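Note: hydrogens, waters and symmetry copies are ignored here, and every other heavy atom, side chains too, is used. Being a predicted model, the structure only gives us computed values, none of them experimental. Throughout, residue positions are numbered sequentially from 1 according to the sequence presented.
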Amino acid sequence: MKRSPPSKEDLLKEEYVSTLTYFLRDSSVYDCLSINNQVSVVDMTLSIFDTFKIFIDSHVDEVLFWNQEIANYDGVFTSTDLIKTVLKCYYNVLYDIPNIWTTNNIAAIIEMENEDESYSPIQRTTYGRLTIDQFNQLLKDFKTISIKTWFNSVGENLHQNCLVKAELDDNLNDICQKFITENITRIIVIEKETKMVAGIIQQKDILSYLVKGFNQYFALKKHQNGASTSNHEQHELQMDYFKEEAMKLKYTLPADIPVYDLFYKLIYVYKRNTIAIVDKNQKYLGLIDRRDFLFILKYQMFDILASTAEKLLQLIKAEDSKYLAFHIRNKQQFTFNQTIKQVVENLLLSPRGSLVCLDSEERLVTIFQISDLFKVFVTDNENQENCGQ
């Protein structure tokens, strides 16, 4: 049985992905590391509260820890760690569980577990609000417990073997593979000679570099190799050609879910940066991003954790409306008729690094974030390479 010849669209898609791969292989971390790359370094003895303030005041997504004992960087604390810490501390205070474990604390919890076999901090859902005393206790814990003490208490590792690293001369295709295999959005960049941190490269840095440089690169390759498609055609490749992969990305939560549960599921269940909120008729209401958690910290609105996602969404929209730049850059939607170049540009302009596709009744078709774009391209390229072997 004869196989039908590939269509023009299939050839275009194959050429697009392969050219993209060559472009990434020919480019290094040094080429796309942002000149405005900001690395915030803090001492591990800093309190949880002061660490939070750095995220709020400096608008960073992570901080590196400096260990005076080894005179080197010794760990990273991300916005995800920040959310995990607040959720755990809030839960502990709400249910009178100490935030720092001592021998007496552990004995008390063991006794509690023996009395109530159903006791489980992971399964239990929080709907209660903090009393004034509990609120004061939470703030006191944040201000008196250091990051080092906190992580030692919960038994998590902050040290160098947790850092995913790259060097300035590593090619970007390998970096993209690291993003996918390690399921991360940022990598620490190290200078080979000094072993010091040169910066932090994020997925959005590579996308921004692609938007600026891929057009010229393809034109050069076309001239050298006599490529079959024009530079214009290359960028006319529509998102529709990746629709099958994109349609698998439909992540929503109901508007009445408690905010605590929303962020818990975002971090531990879906392991995504952004989630779409829908009403009881599945109509799209808006996006909530991990970075929106800083809004809660900025105004110390811990009671909102016991409220609903819809209420948080209303507060976030009211806060965003104060800033003119938000209205100018507020890109939230895409269609499968748009080109990949257009979608990438809008992703970079999106304040939450995500775009949604809606149907005619404003119900979610798919939600697309920056990391999804990497997975689509890298997976597609791997499949092509495997077929060619």
Side-chain angles (χ1 to χ4, degrees), residues 34 36-66 73 75-93 99 130 134-151 158 185-186 188 197 199-200 202 204 259-260 262-264 266-267 272-275 286-307 309 311-327 329-330 350-354 370:
S34 171
N36 298 318
N37 193 278
Q38 181 181 5
V39 180
S40 296
V41 182
V42 300
D43 192 279
M44 296 177 70
T45 59
L46 202 66
S47 72
I48 295 175
F49 184 85
D50 289 336
T51 305
F52 290 169
K53 278 185 62 64
I54 293 174
F55 279 84
I56 295 168
D57 297 339
S58 303
H59 306 286
V60 295
D61 293 320
E62 67 283 308
V63 296
L64 295 180
F65 289 115
W66 181 263
Y73 302 100
V76 62
F77 187 83
T78 68
S79 55
T80 300
D81 296 314
L82 179 149
I83 297 172
K84 288 180 178 179
T85 301
V86 174
L87 292 183
K88 182 66 175 175
C89 287
Y90 176 89
Y91 183 93
N92 287 348
V93 169
N99 273 317
L130 297 177
Q134 287 174 328
F135 178 82
N136 291 334
Q137 181 62 51
L138 183 61
L139 285 184
K140 179 182 177 182
D141 286 348
F142 285 157
K143 293 179 179 180
T144 57
I145 300 173
S146 72
I147 288 292
K148 184 176 182 179
T149 301
W150 168 255
F151 276 87
L158 270 178
T185 59
R186 61 185 61 80
I188 311 300
V197 174
I200 296 175
Q202 300 189 24
K204 62 183 179 183
V259 175
Y260 181 99
L262 182 156
F263 282 104
Y264 185 93
L266 192 62
I267 298 295
R272 292 179 64 80
N273 292 325
T274 312
I275 198 79
L287 293 173
I288 291 182
D289 181 81
R290 293 187 188 193
R291 284 168 291 184
D292 291 323
F293 202 85
L294 293 178
F295 172 74
I296 298 174
L297 292 180
K298 181 179 179 180
Y299 296 106
Q300 298 182 9
M301 299 171 55
F302 299 114
D303 270 356
I304 196 69
L305 292 173
S307 188
K311 177 63 176 177
L312 176 61
L313 201 58
Q314 292 170 355
L315 293 173
I316 290 171
K317 288 181 177 179
E319 178 75 4
D320 288 341
S321 67
K322 298 176 183 178
Y323 305 100
L324 177 63
F326 178 81
H327 296 283
R329 300 175 62 250
N330 186 17
S350 168
R352 287 175 176 80
S354 298
I370 288 176

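Ring-plane geometry between Phe55 and Phe77 is classed as perpendicular, the angle between the planes exceeding 60 degrees on a 0 to 90 degree scale with a lower cut at 30. Relative orientation of the Phe302 and Phe142 rings is tilted, given thresholds of 30° and 60° on the angle between their planes.
With sequence neighbours excluded, no residue forms a side chain to side chain donor-acceptor pair (under 3.5 Å) with Ser79. Shown here are the side chain to side chain donor-acceptor pair (under 3.5 Å) partners of Ser47, two or more places apart in sequence or in another chain: Asp50. With sequence neighbours excluded, the residues that form a ring pair (Phe, Tyr, Trp, His ring centres under 6.0 Å) with Phe295 are Tyr299. Qualifying salt bridge (Lys or Arg N to Asp or Glu O under 4.0 Å) partners for Lys53, counting only residues two or more places apart in sequence or in other chains: Asp57. Every residue two or more places apart in sequence or in another chain that forms a side chain to side chain donor-acceptor pair (under 3.5 Å) with Asp141 is listed here: Asn99, Gln137. With sequence neighbours left out, the side chain to side chain donor-acceptor pair (under 3.5 Å) criterion links Thr274 to Asp289, Ser354.
For the pair Val63 and Val76, the minimum side-chain heavy-atom distance is 4.5 Å or more. Using a 4.5 Å cut-off on side-chain heavy atoms (C-beta onward), Arg352 and Ile316 make contact. Side-chain contact between Thr78 and Thr185 is absent, with no heavy-atom pair separated by less than 4.5 Å. Residues Lys148 and Phe65 fail the side-chain proximity criterion, which asks for heavy atoms closer than 4.5 Å. Using a 4.5 Å cut-off on side-chain heavy atoms (C-beta onward), Ser307 and Leu312 make no contact. With contacts defined as side-chain heavy-atom distances shorter than 4.5 Å, the pair Leu82/Leu297 qualifies. Looking at heavy atoms from C-beta onward, Tyr90 lies in side-chain contact with Leu130 at the 4.5 angstrom threshold. Contact check for Thr80 versus Lys84: side-chain heavy atoms found under the 4.5 Å cut-off.
Distance check: Gln202 CD to Ile370 CD1 gives 8.5 Å after rounding to the nearest 0.5 Å. Distance CG/Leu46 to OG/Ser146: 8.5 Å, rounded to 0.5 Å. Atom-to-atom distance recorded for Ile48:CD1 and Asp81:CG is 11.5 Å, nearest 0.5 angstrom. Expressed to the nearest 0.5 Å, how far CD1 of Ile267 lies from CG of Leu87 amounts to 7.5 Å. One distance of note links CG of Leu138 with CD of Gln300; it measures 9.0 Å at 0.5 Å rounding. Taken to the nearest 0.5 Å, the CG atom of Leu313 stands 9.5 Å off from the CG atom of Asp320.
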- Task: Evaluate side chain to side chain contact (heavy atoms under 4.5 Å, CB included) for Phe151 paired with Met44, printing each intermediate quantity in order.
- Result: CA-CA 10 Å; Phe151 276 87; Met44 296 177 70; over 6 Å; no
- Query: Run the side chain to side chain contact (heavy atoms under 4.5 Å, CB included) check on Val86 and Phe52 step by step: do they pass?
  - Reply: CA-CA 10 Å; Val86 174; Phe52 290 169; 3.5 Å; yes
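Using a distance-only test at 3.5 Å, with no hydrogens or angles considered, no donor-acceptor pair links the side chain of Thr149 to the main chain of Ile145.
Closest non-hydrogen pair, Ala309 versus Ile288, comes out as O-CD1, 3.9 Å. Nearest heavy-atom pair across Leu266 and Ile275 is CD1-CB, 3.7 Å.
A salt bridge (charged side-chain N to carboxylate O under 4.0 Å, His left out) with Glu62 is found for exactly one of Arg291, Arg186, Arg290, namely Arg186.
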